Each structure stands twice: as structure tokens, then as C-alpha cells.
Amino acid sequence: MTLRILVDENIPAVEAILGSGVDILRSPGRNLCRDQLQDVDALLVRSVTRVDANLLAGTPVRFVGTATSGTDHVDLNWLRSAQIGFAFAPGANANSVVEYVIAAIAYNGNYLERLRAGGTVGVVGYGLVGKALVARLSALGIAYRICDPWLSEPSVPGHATLKEILACDLICLHPELTHREPWPSYHLLGEAELAALAKEQLVINASRGPIIDGNALLERLNHPDSPAVVLDVWEHEPQVDAELLAKVQLGTAHIAGYSFDAKLRATHMLCSAMVASLGINLPELPDQALAARKPLCLPEHLSIEDSLRALIRCCYRIEEDDHLLRRATLDRASDTQAQEFDQLRKNYAKRRELAGQSVLVQDLLGPQATLVSAMGCVPIAGDD
Ligand SMILES: NC(=O)c1ccc[n+]([C@@H]2O[C@H](COP(=O)([O-])OP(=O)(O)OC[C@H]3O[C@@H](n4cnc5c(N)ncnc54)[C@H](O)[C@@H]3O)[C@@H](O)[C@H]2O)c1
Ligand SMILES: O=C(O)[C@H](O)[C@H](O)COP(=O)(O)O
């Protein structure tokens with residue numbers, strides 16, 4: 001019998017990768033229900049679908065894949081007890097998040113200059129995203145400290161306590177969302193932690209909304225000495241607190257990990273895992289080739305910081321995502337606003353990652369070439 005797979009409508013390229021040997025049904029993920037799964041063998045979701053006994057008990061589903069790095073929307077213990085196969089996409093979007101974070105730093109005031117002149121980034125969470133960010137910072141010559149109490153101190157370079165992280169120039173939050181003691185990340189930044197921050201600091205949250213207590217943050221941002229804040233994630237998605245959005249430097253619709261490269265990587269990881277888990281006999285899965293890109297060209301005689309800004313802006317303009325969210329949120333009724341949040345994510349532009357891109361430089365041994373390599377690009381010799 002042909003395998004039937006229900007796939008979230010926002011997971012690209014499943015048909016192209018699996019070919020015609022399977023039946024693929026598409027559905028919006030947010031309100032997916034058990035009735036839709038009565039004759040389905042496998043389910044591929046995103047973070048907006050809660051996967052648990054309520055959704056799956058009594059259905060024939062034998063495999064669940066989520067095209068995400070975070071798994072806080074999945075009841076892993078129940079899946080295990082029900083002997084339902086599971087896969088996720090760890091690391092698929094790590095570089096996409098890193099490029100978002102660097103774009104946010106580069107866009108905001110002179111943080112880039114301050115960091116390159118000896119400032120420090122505090123990174124919370126040393127998982128796949130945290131590690132990828134630290135590697136990039138290190139290549140860019142930017143100092144960092146890391147807090148991840150779940151890991152042994154020797155395995156965490158620049159190990160720091162949360163209190164020490166809160167004293168860094170810039171604070172990047174990348175823990176998974178967990179309520180687990182003794183180090184829950186839920187409301188990791190609450191009233192006390194936010195009170196410790198000063199005006200010249202920048203906080204970026206591209207992990208999960210509830211890592212910061214939204215009410216406490218709004219309260220903190222009402223004071224003139226408040227830190228600058230960039231939020232990609234919101235405590236009650238798809239609802240966005242409009243008052244909070246009005247007070248942050250940049251606000252986006254949970255798209256940090258949404259590069260097209262990342263989405264294809266995740267689809268490929270899930271399809272491979274599903275084929276292996278269900279023992280399906282399909283021809284070897286084709287790689288979804290990404291379109292080749294022309295080399296980028298960087299203007300000469302820019303400072304290193306402005307070269308980095310120019311390089312990032314060739315691929316990604318973070319303020320455009322901020323404008324889209326503000327337009328969809330401010331002065332809107334909350335139900336319309338929530339729908340618009342999902343629409344922004346569904347119709348997200350095809351954003352390519354910078355990493356892997358070739359870039360023309362004048363001097364292959366010069367500082368621009370070093371910068372280009374630090375961002376994971378390939379410097380190539382330009383014309384004289
Ligand atoms: N905004 C986006 O588009 C986007 C994209 C990718 C991932 N994410 C989120 O970012 C999170 C990090 O992604 P990842 O792939 O690195 O996950 P990961 O599971 O590889 O790493 C998470 C790390 O957080 C650490 N951690 C847990 N509790 C902590 C605490 N209280 N303090 C400090 N560290 C703590 C864990 O020990 C682990 O090392 C994911 O769980 C996901 O929810 C968001
Ligand atoms: O956890 C992740 O991988 C990211 O948050 C991911 O970008 C979530 O995207 P979604 O599944 O909501 O489309």
C-alpha cells in the first residue's frame with residue numbers, strides 16, 4: 001500500500017525529494033487535529049503543531065518529524081512510549097540564526113565597532129546555534145563568554161555564570177525552552193535579571209519567546225535607562241504584544257532560522273530519517289540543489305565594520321522583516337494580528353544564506369578577504 005504522509009504546508013520540497021512513490025497531503029500546521037490523521041502513516045510538522053497523545057493516540061501514525069531544531073512542542077516521552085518513530089532537524093537552521101544575529105548587531109548603532117574594539121558578547125546556551133555563533137564571533141575577532149549550566153565547565157570555552165553574562169556588552173539568548181530543574185530556561189530573564197541591564201547593552205532573543213518574561217521586559221523598557229532589545233520570538237506567538245514591539249529596536253516574526261537553505265536542509269534531514277525509520281524502499285533521495293549565485297562584489301576602502309555591514313546587506317536586510325511585523329501588528333485587532341503573524345511566516349521571502357557565497361575581493365591576503373572567510377564565504381580574486 002502507498003505510504004500516506006501529512007505535511008505542514010510550510011515545509012518546502014517534500015514532493016521533489018520523495019518523488020511519486022508516496023501520497024503527500026498538505027495542511028496548515030497550527031490547528032492540525034486527530035481527525036486528519038485517521039489514514040496517515042507519517043506526519044511532518046513545524047513548531048506550531050503540538051504533538052502529543054491528544055493528537056496521535058488511536059491514529060495509525062508511525063513516524064513524526066519536525067523540521068525544527070527546538071522540540072518543546074513535541075511530547076517526546078509519549079512518542080517513545082507509543083513506539084512512534086521521531087526525528088527533528090538539529091543544526092539545520094543554526095547558520096541562518098547566526099546570520100540573523102550578526103545582521104541585528106550590524107544594524108544597531110555602533111555595537112559592531114564596540115565589539116571589535118574589545119567588547120564582549122555573552123552567549124546563553126551552547127548548543128548547535130550557540131556553538132555556530134561562537135565560531136563566527138571568534139572568526140570575526142570578537143570576544144565572548146558562554147553560560148550553559150547543563151554542560152560540564154571544561155566543555156564550555158569562556159565559561160561564565162548568568163550574572164557574568166548580564167554584564168557583557170551584548171547578550172544573545174540561545175537556550176532551548178525547558179522547565180526542567182535545576183536550570184529551567186523558562187523566564188530566564190525576569191524582573192531581577194532585566195534590572196541588572198544598562199542602557200548601553202543590547203539583548204537579542206532568537207530562541208523561544210518565554211525565555212524572557214514579556215511583562216517584566218515591557219516594564220523594564222518603560223524606563224529611560226533600559227537596554228536595547230531585538231526580539232525574533234514572542235512569549236505568546238502568534239500573538240505579539242504590540243506595546244512591547246513598539247519599544248524594541250527590531251522585532252521580527254520568528255524568522256531567524258528561515259533561510260531557504262535552512263528549510264531545504266531540514267526537509268532533507270526529515271525525509272532521510274523517515275525513509276530509514278519506516279524501512280521504505282525508495283530510490284536514493286535527490287539533494288535539492290540550491291540555485292548557483294553570482295559572486296558578490298564589496299566596495300573597496302570601507303572599514304572592516306562597514307565591509308561586514310555591506311556583505312550582510314547583500315543577502316539580508318533585517319529592518320525589512322521588522323517593518324513587515326510592525327505593519328502587521330501595530331493598530332490591528334489581536335485576532336487579525338495573529339493571522340498576519342502566521343501569514344508573514346508562510347509567505348516569507350526566499351532568503352539565501354551568506355555562507356558559501358563567493359565574494360570578489362581585490363587582495364586575497366587582505367583584511368576584506370579575511371572578513372569574507374570569517375563569514376563562511378569564499379573570497380575570490382577580483383579584477384584590478
Ligand atoms: N528563532 C528561530 O528561528 C530559531 C531557530 C533555531 C532554533 N531556535 C531555538 O533556539 C534554541 C537553541 O537551538 P539549538 O539548535 O542550539 O538547540 P540545542 O538543543 O542544540 O541547544 C540548546 C542548549 O541550551 C542549553 N540550555 C538549556 N537550558 C539552559 C539554561 N537554563 N541556561 C543556559 N543554557 C541552557 C542546553 O544545555 C543546550 O546546550 C532551540 O531550542 C530553538 O528553540 C530558534
Ligand atoms: O526551532 C526551530 O528550529 C526554529 O524556531 C524554527 O525556525 C521554527 O520554525 P517553525 O517550525 O515555527 O516554522
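Predicted model, so just to flag it, every value in this text is computed and none were measured. Counting convention: from 1, in listed order, for ligands and their atoms alike.
Here T66 has no heavy atoms under 4.0 Å from ligand 2, in either its backbone or its side chain. The backbone of Y126, and not its side chain, has at least one atom closer than 4.0 Å to an atom of ligand 1 (non-hydrogen atoms only; backbone = N, CA, C, O). Only the backbone of P184 comes within contact range of ligand 1, with a heavy atom under 4.0 Å; no side-chain atom does. With a heavy-atom cut-off of 4.0 Å, D232 touches ligand 1 through its side chain alone. Here H174 has backbone heavy atoms under 4.0 Å from ligand 1, and that is the only part of it that gets that close. With a heavy-atom cut-off of 4.0 Å, S69 touches ligand 1 through its side chain alone.
One N or O on the side chain of T267 and one on the backbone of P12 form a donor-acceptor pair closer than 3.5 Å. Checking side-chain atoms of S226 against main-chain N and O of H223 turns up a donor-acceptor pair under 3.5 Å. Counting only distance, with no hydrogens or angles, the side chain of R351 and the backbone of S96 share a donor-acceptor pair below 3.5 Å. Panel note: side chain K199, backbone P224; a donor-acceptor pair is recorded below 3.5 Å. Side chain of D52 to backbone of D75: no donor-acceptor contact under 3.5 angstrom is found.
Ligand 1 has no N or O atom lying under 3.5 Å from any N or O atom of N93, backbone or side chain. For a threshold of 3.5 Å applied to N or O pairs, the pair formed by H254 and ligand 2 contains at least one separation below that value. The shortest N or O to N or O distance between V129 and ligand 1 is under 3.5 Å. Not one N or O of L188 is nearer than 3.5 Å to an N or O of ligand 1, by distance alone. The shortest N or O to N or O distance between T178 and ligand 1 is not under 3.5 Å. Backbone and side-chain nitrogen or oxygen atoms of G70 are examined, and one is located within less than 3.5 angstrom of a nitrogen or oxygen of ligand 2. For A206, a nitrogen or oxygen atom sits less than 3.5 Å from a nitrogen or oxygen atom of ligand 1, counting backbone and side chain alike. Note: an N/O pair closer than 3.5 Å links R46 and ligand 2 by distance alone. Remark: ligand 1 and W183 share an N or O pair separated by less than 3.5 Å (distance only, no angle test). For ligand 1, the polar-atom distance check finds an N/O of G257 within less than 3.5 Å of one of the ligand's N/O atoms.
Closest to atom 23 (C) of ligand 1 by heavy atom, among S185, S96, P90, G127, is G127. Among P238, G29, S69, S207, the residue whose heavy atom lies closest to atom 3 (O) of ligand 2 is S69. Distances from atom 1 (O) of ligand 2 to the heavy atoms of E176, K263, R208, R345 show the closest one on R208. Between atom 34 (N) of ligand 1 and the options G125, A92, A89, G91, the minimum heavy-atom separation is to G125.
Atom 7 (O) of ligand 2 has its closest protein heavy atom at N93 ND2, 3.6 Å. Ranking protein heavy atoms by distance to atom 32 (N) of ligand 1, first place goes to P149 CD, 3.5 Å. Closest to atom 19 (O) of ligand 1 among all protein heavy atoms lies E176 OE1, 3.8 Å. Among protein heavy atoms, the minimum distance from atom 39 (O) of ligand 1 is reached at D148 OD2, 2.7 Å. Atom 11 (C) of ligand 1 has as its closest protein heavy atom P175 O, 3.4 Å. Taking atom 11 (O) of ligand 2 as the reference point, the nearest protein heavy-atom neighbour is S47 N, 2.6 Å. In terms of protein heavy-atom proximity, atom 20 (O) of ligand 1 is closest to L128 N, 2.9 Å.
Using a 4.0 angstrom heavy-atom cutoff, A94 does not count as in contact with ligand 1. In this structure, N10 falls outside the shell of residues with a heavy atom less than 4.0 angstrom from ligand 2.
For the pair D225 and R220, the salt-bridge criterion is met [side-chain N within less than 4.0 Å of a carboxylate O]. Using a cut-off of 4.0 Å between Lys/Arg side-chain N and Asp/Glu carboxylate O, K346 and D342 are scored as not salt-bridged. A salt bridge between E15 and R26 is present, with a side-chain N of the basic residue lying under 4.0 Å from a carboxylate O of the acidic one. Taking 4.0 Å as the cut-off between side-chain N and carboxylate O, R4 and D41 do not count as a salt-bridged pair. At a threshold of 4.0 Å, the pair E305-R116 counts as salt-bridged, since one of the basic side-chain nitrogens sits closer than that to a carboxylate oxygen. A salt bridge links D306 to R309: at least one charged side-chain nitrogen sits closer than 4.0 Å to a carboxylate oxygen. The residues E353 and R265 are annotated as salt-bridged, a charged nitrogen and a carboxylate oxygen being separated by less than 4.0 angstrom.
Listed by number with element, the atoms of ligand 1 under 4.0 angstrom from any heavy atom of H254 are 1 (N), 2 (C), 3 (O). Remark: ligand 1 atoms within the under-4.0 Å shell around heavy atoms of C147 are 33 (C), 34 (N). The distance from ligand 1 to the heavy atoms of V97 drops below 4.0 Å at these ligand atoms: 4 (C), 5 (C), 6 (C). With ligand atoms numbered from 1 in the order given, ligand 1 contributes 26 (N), 27 (C), 28 (N), 29 (C), 35 (C), 37 (O) to contacts under 4.0 Å with heavy atoms of W150. Per-residue contacts place S207 under 4.0 angstrom from the following atoms of ligand 1 (heavy atoms of the residue considered): 8 (N), 9 (C), 10 (O), 43 (O), 44 (C).
Here the closest non-hydrogen pair linking F88 and S69 is CD1-O, 3.3 Å. Annotation for I212 and E235: closest pair O-OE1, 3.7 Å, computed over non-hydrogen atoms.
Annotation: N110, atom CG; neighbour count of heavy atoms from other residues, nucleotides and ligands within 6.0 Å is above 12.
Transitive grouping of hydrophobic side chains (ILVMFWY, heavy atoms separated by less than 4.5 Å) brings Y100 and V134 into a common cluster.
W150 carries R180 over the face of its six-membered ring, with the cationic atom under 6.0 Å from the centre and within 45° of the normal.
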Verdict with reasoning, L311 to V359, per side-chain contact (heavy atoms from CB on, under 4.5 Å): CA-CA 9 Å; L311 187 60; V359 183; 3.9 Å; yes
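At a threshold of 4.5 Å between non-hydrogen side-chain atoms, the residues L115 and D169 count as touching.
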